[in-house]
Amino acid sequence: MLTVMLPDGSRREYESSVSAYDVATEIGPGLAKAAVVAEVDGAMIDLHAPLPSAGEVQLRLLTKRDRAALDVLRHSCAHVMAQAVMRLYEGVQLAFGPYTETGFYYDMALEKPLSEEDFPKIEAEMKKIVKENERYERLEMPRKEALELCREMGQKFKVEHIETGLAEFETLSFYRQGEFLDLCRGRHVPSTRFIGKGFKLLSLAGAYWKGDASNQQLQRLYATVFFDKKELKEHLHRLEEAKRRDHRVLGKKHNLFDFDEQVGAGLVLWKPKGAVVRQELQNFIAEHLQRQGYGQVFTPHIGKLELYRTSGHFPYYQESQFPPLVGRDQMKKLADEGCSCGDLANMLSEGEIEGYLLKPMNCPHHIRIYASEKRSYRDLPVRLAEFGTVYRWEQSGELGGLSRVRSFTQDDAHLFVTEDQLSDEIDQCLDLVKIVLNTLGMDDYRVRVGLRDPNSDKYVGEADQWDRAEAACRKAAEGMGVDFTAEEGEAAFYGPKIDFVVRDVIGREWQLGTVQVDYQLPQRFELEYTGADNQTHRPVMVHRAPFGSMERFVGVLIEHFAAAFPLWLAPEQLRLLTVSEKSETYGKEVEQRLREEGFRIEADYRGQKLGAKIREAQLDLIPYMLVVGEKDAENGTVTVRDRIEGDLGAMPLEAAIVKLKQEVTDKTVRQVGGSRNDGDQNS
RNA sequence: GCUGCUGUAGCUCAGUGGUAGAGCACUUCCUUGGUAAGGAAGAGGUCAUGAGUUCAAGUCUCAUCAGCAGCUCCA
């Protein structure tokens with residue numbers, strides 16, 4: 001006898017074999033119709049699969065309101081998509097077809113590659129399959145039979161997967177709907193009818209078999225599905241909305257930065273308006289560095305290869321660096337000797353000839369500053385900060401907007417501390433990151449503690465030092481009072497780290513602020529200090545950058561504010577608008593006064609109607625407009641218009657200055673509440 | 001780096017192998033208007049670059065450069 005416990009606490013008993021669907025039918029035909037899949041003792045099971053014949057189980061029936069049911073639907077839809085493709089095209093080899101956070105994909109190899117022009121045809125075929133309402137039928141068989149079956153079907157990826165990834169499984173499952181049969185763990189909706197009309201093919205991309213770049217590249221067909229068409233429409237609408245916040249689009253529209261083919265890929269040109277944002281952020285950090293006892297330094301953009309041989313950056317990370325700069329005389333000599341590029345690379349690696357490197361990191365330079373003086377424990381911590389520009393040869397396919405560039409400026413600092421000071425110093429660094437994020441109202445981030453991957457050999461240093469450093473990071477993260485995840489394989493090659501990770505508008509994650517603990521570089525550079533015991537000791541290093549890089553941070557910030565910056569960051573804080581050309585003289589007086597007070601102000605004296613000037617200023621996302629007309633000239637007032645609130649009325653110029661200055665000092669972040677004043681009503 | 005797509009005016013984009021187009025922006029003139037678009041005229045192009053096919057190429061082919069999506073990578 002089987003006892004079924006339901007989430008509401010009720011229980012039902014069955015003598016004969018039943019499925020979750022049978023139970024649902026008994027409870028009510030409405031539930032039976034709405035049920036998509038079931039959960040038995042926490043494990044997903046097909047609705048029509050038989051429940052155990054005896055004992056007691058917890059049963060939960062999932063409907064389209066459950067997120068887990070949506071994942072199942074998407075997985076089922078992936079099968080339908082594969083089925084459609086196989087009906088339409090020859091020689092389709094299927095790889096994997098899972099659901100994702102927002103949809104699903106199927107990786108496959110075809111004789112003739114698909115293009116987006118094929119989408120309507122595939123979608124039409126999928127509609128047909130949905131209408132055919134084929135049942136998803138689960139088949140289980142021993143691995144030998146499964147292997148044989150996949151061989152017969154000519155599905156070489158499935159064969160390989162059974163032989164490698166699924167080597168430990170004795171029994172394998174397949175799902176069949178209509179003529180389509182696929183190796184699959186499940187689960188699925190009962191039949192294709194459940195998929196409905198809320199699906200859409202989205203894009204086509206390349207993907208490597210099993211995610212390995214040395215394997216064959218497949219075609220990945222991206223799509224999504226929702227339980228109803230309305231949800232699909234909303235999803236597509238959200239994607240469109242996100243595109244409007246894209247920093248690459250807004251950066252161009254508002255003249256913040258640019259890229260230029262002639263300058264080179266991944267090399268940012270900061271235009272005056274973008275430079276203001278970056279400079280204000282730097283000033284903001286610099287103020288906190290001063291408070292926290294940092295010393296500001298400047299170092300060159302290049303350094304000898306010897307420096308990076310010592311640090312370990314060269315030749316091991318050569319492929320992500322710009323190639324070394326070799327002296328002219330040396331190049332000539334080598335050329336005369338008939339030396340090949342390969343020979344040159346070898347000689348550089350071996351240190352037989354010297355060269356310079358565009359710096360990929362600032363740490364070695366800062367280390368040499370530390371080493372330039374005899375240090376006592378009384379000097380520690382030594383905190384060296386620099387907005388240091390570094391150069392990395394990112395793969396061409398990785399470049400994108402401000403998020404991934406080949407030259408970027410880190411708000412970098414290196415702390416040289418005693419073992420005893422380490423914990424407090426890490427805390428102080430984390431505080432700084434939190435101050436930055438709080439000030440800007442960015443609360444949508446996650447914290448990641450990056451630990452070494454025990455199976456990799458890319459790390460340098462002793463295991464016990466790593467253990468201590470990792471423990472210090474964990475402890476610091478715990479002390480922050482926010483959720484964090486510890487992730488193996490996310491450490492730097494010299495030590496573990498604590499990263500602040502945010503998402504951009506298209507859902508990609510970016511590491512911003514970072515704090516890293518390092519026992520290795522002090523050792524490689526043989527750094528020392530004299531302790532209270534008059535013995536020589538080795539300092540520990542902390543690398544930290546609250547923004548990460550100015551480029552990436554500004555990129556994220558543009559998307560965060562949709563380019564409508566708070567007053568203290570706005571490239572153009574104020575715009576003065578004259579009601580008519582009669583007020584130009586008074587306008588110039590007011591403009592000059594505000595400029596002297598330190599505001600970034602522009603004025604619009606054109607013979608246009610006020611309404612037109614206001615509209616332009618709104619679309620340009622100017623925080624405050626100062627309207628001056630003949631009445632203002634008489635009374636010595638300005639009529640303030642807030643980008644968000646609208647007309648605030650006339651006030652004496654001096655009163656406006658006080659108000660605006662206060663908002664700048666407070667770094668106030670004011671979010672748009674209304675619906676029509678975020679400047680993109682027209683786009 | 002790999003796969004696919006894209007590159008036309010400052011911006012967003014039309015353009016059938018046969019004389020280069022629109023909207024916005026810009027310039028000039030008219031309008032002097034108090035809180036989201038006043039009117040008229042004008043200027044603006046090596047169709048990314050280089051080769052090829054063709055009587056003829058923005059359009060077809062190839063290469064290069066750059067961008068986009070995804071994959072791989074990110075000290």
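Throughout, protein chains are lettered first and strands after them, A, B, ... in sequence-line order, and every chain is numbered starting at 1. In this text, all values refer to a predicted model and were calculated from it rather than measured experimentally.
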Roughly how far apart, to the nearest Å, are [N] and [M] at atom [atom1]?
N     : M     : atom1 : value
B:A9  : B:G44 : P     : 15 Å
B:G15 : B:U8  : C1'   : 9 Å
B:C60 : B:A22 : C1'   : 26 Å
B:A36 : B:G42 : P     : 32 Å
B:A14 : B:U59 : C1'   : 14 Å
B:C30 : B:G17 : C1'   : 46 Å
B:A37 : B:A43 : P     : 29 Å
B:A41 : B:A66 : C1'   : 38 Å

Show every salt bridge (Lys or Arg N to Asp or Glu O under 4.0 Å) that has at least one partner inside [range], sequence neighbours left out.
range                       : answer
residues 490-499 of chain A : A:R448-A:E490, A:R448-A:D499, A:K497-A:D499
residues 399-412 of chain A : A:E394-A:R404, A:E398-A:R404
residues 109-120 of chain A : none

Tell me whether the side-chain N or O atoms of [X] pair up with the base of [N] as donor and acceptor below 3.5 Å, since no angle test is needed here.
X      : N     : result
A:T639 : B:G34 : yes
A:D632 : B:G34 : yes
A:S203 : B:A69 : no
A:R404 : B:C73 : yes
A:E581 : B:U32 : yes
A:Y208 : B:G1  : yes

- What integer distance in Å separates A:Y105:OH from B:A69:P?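 From A:Y105 OH to B:A69 P: 18 Å.
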- Task: In whole angstrom, give the distance that lies between atom CZ of A:F119 and atom C1' of B:A69.
- Result: 11 Å
Residue [X], side-chain heavy atoms: nucleotide from [options] that is nearest:
X      : options             : answer
A:R641 : B:A75, B:U35, B:C68 : B:U35
A:K252 : B:A36, B:C73, B:C11 : B:C11
A:A207 : B:A75, B:G33, B:C71 : B:C71
A:A612 : B:A36, B:G38, B:U32 : B:G38
A:H313 : B:A75, B:G1, B:G38  : B:A75
A:R220 : B:G70, B:A36, B:G34 : B:G70
A:R248 : B:C71, B:C68, B:G1  : B:C68
A:L610 : B:G33, B:U35, B:A75 : B:U35

With sequence neighbours excluded, tell me which residues meet ring-ring contact (aromatic ring centres under 6.0 Å, His included) with [X].
X      : answer
A:F322 : A:W393
A:Y624 : none
A:F484 : none
A:Y494 : A:H543

What is the nucleic acid contact for [X], judged by heavy atoms within less than 4.0 Å: base, sugar-phosphate only, or nothing?
X      : value
A:G211 : sugar-phosphate
A:L577 : nothing
A:P360 : base
A:Y316 : nothing
A:G607 : base
A:K631 : base
A:G401 : sugar-phosphate
A:E116 : nothing

- Query: RNA chain B in dot-bracket, Watson-Crick or G-U pairs under 3.5 Å, [ ] crossing, | other strand?
  - Reply: (((((((..((((....[..)))).(((((.......))))).....(((((..]....))))))))))))....
- Item | Short N-O contact, A:E559 and A:R244, less than 4.0 angstrom | no
- Message: So that I can tick it off, tell me whether A:R452 and A:E470 are bridged by a salt bridge, with the cut-off set at under 4.0 angstrom between side-chain N and carboxylate O.
- Response: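 A salt bridge links A:E470 with A:R452.
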- Message: Regarding A:D107 and A:Q219, do their side chains bring together a donor and an acceptor under 3.5 Å, going by distance alone?
- Response: no
- Message: Tell me whether the count of non-hydrogen atoms from other residues, nucleotides or ligands lying under 6.0 Å of OH in A:Y99 goes above 12.
- Response: no
- Message: Heavy-atom count check: over 12 atoms from other residues, nucleotides or ligands less than 6.0 Å from A:K200 NZ?
- Response: no
With respect to the phosphate group of [N], does any side-chain polar atom (N or O) of [X] fall under 4.0 Å of OP1 or OP2?
X      : N     : value
A:S320 : B:A75 : no
A:Q608 : B:G38 : yes
A:R615 : B:U35 : no
A:K243 : B:C68 : no

- Measure from NZ or CZ of A:R74 to the centre of the six-membered ring of A:F104 and say whether it is under 6.0 Å with the direction within 45° of the ring axis. no
- Query: Does A:T299 reach the side chain of A:H366, with side-chain heavy atoms less than 4.5 Å apart?
  - Reply: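 A side-chain contact under 4.5 Å exists here.
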Under 3.5 Å, which donor-acceptor pairs do the side chains of residues 255-264 of chain A form with other protein atoms, sequence neighbours left out?
unit_1 : atom_1 : unit_2 : atom_2 : d
A:N255 : OD1    : A:K271 : NZ     : 3.3
A:D260 : OD1    : A:Q262 : N      : 2.7
A:D260 : OD1    : A:V263 : N      : 3.2

Polar atom pairs (N or O), protein with nucleotides 46-50 of chain B, under 3.5 Å:
none

- Could you say whether A:L204 or A:R606 is positioned toward the 5' end of RNA chain B, judged by the nucleotide with the nearest heavy atom to each?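 Between the two, 5'-proximity favours A:R606.
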- Message: Pick the closest RNA chain B nucleotide for A:S115 and for A:E394 by heavy atoms, then say which residue is nearer the 5' end.
- Response: A:S115
- Query: Of all of residues 262-274 of chain A, which get a heavy atom below 4.0 angstrom from RNA chain B, listed by number?
  - Reply: A:A265, A:G266
- Query: With A:R309, which residues qualify under side-chain hydrogen bond (donor to acceptor under 3.5 Å, both in side chains), at least two apart?
  - Reply: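 If we apply the side-chain hydrogen bond (donor to acceptor under 3.5 Å, both in side chains) test to A:R309, skipping adjacent residues, the hits are A:E306, A:E354.
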- Query: Stacking check: are the rings of A:Y317 and B:A75 less than 5.5 Å apart at their centres and under 30 degrees in tilt?
  - Reply: yes
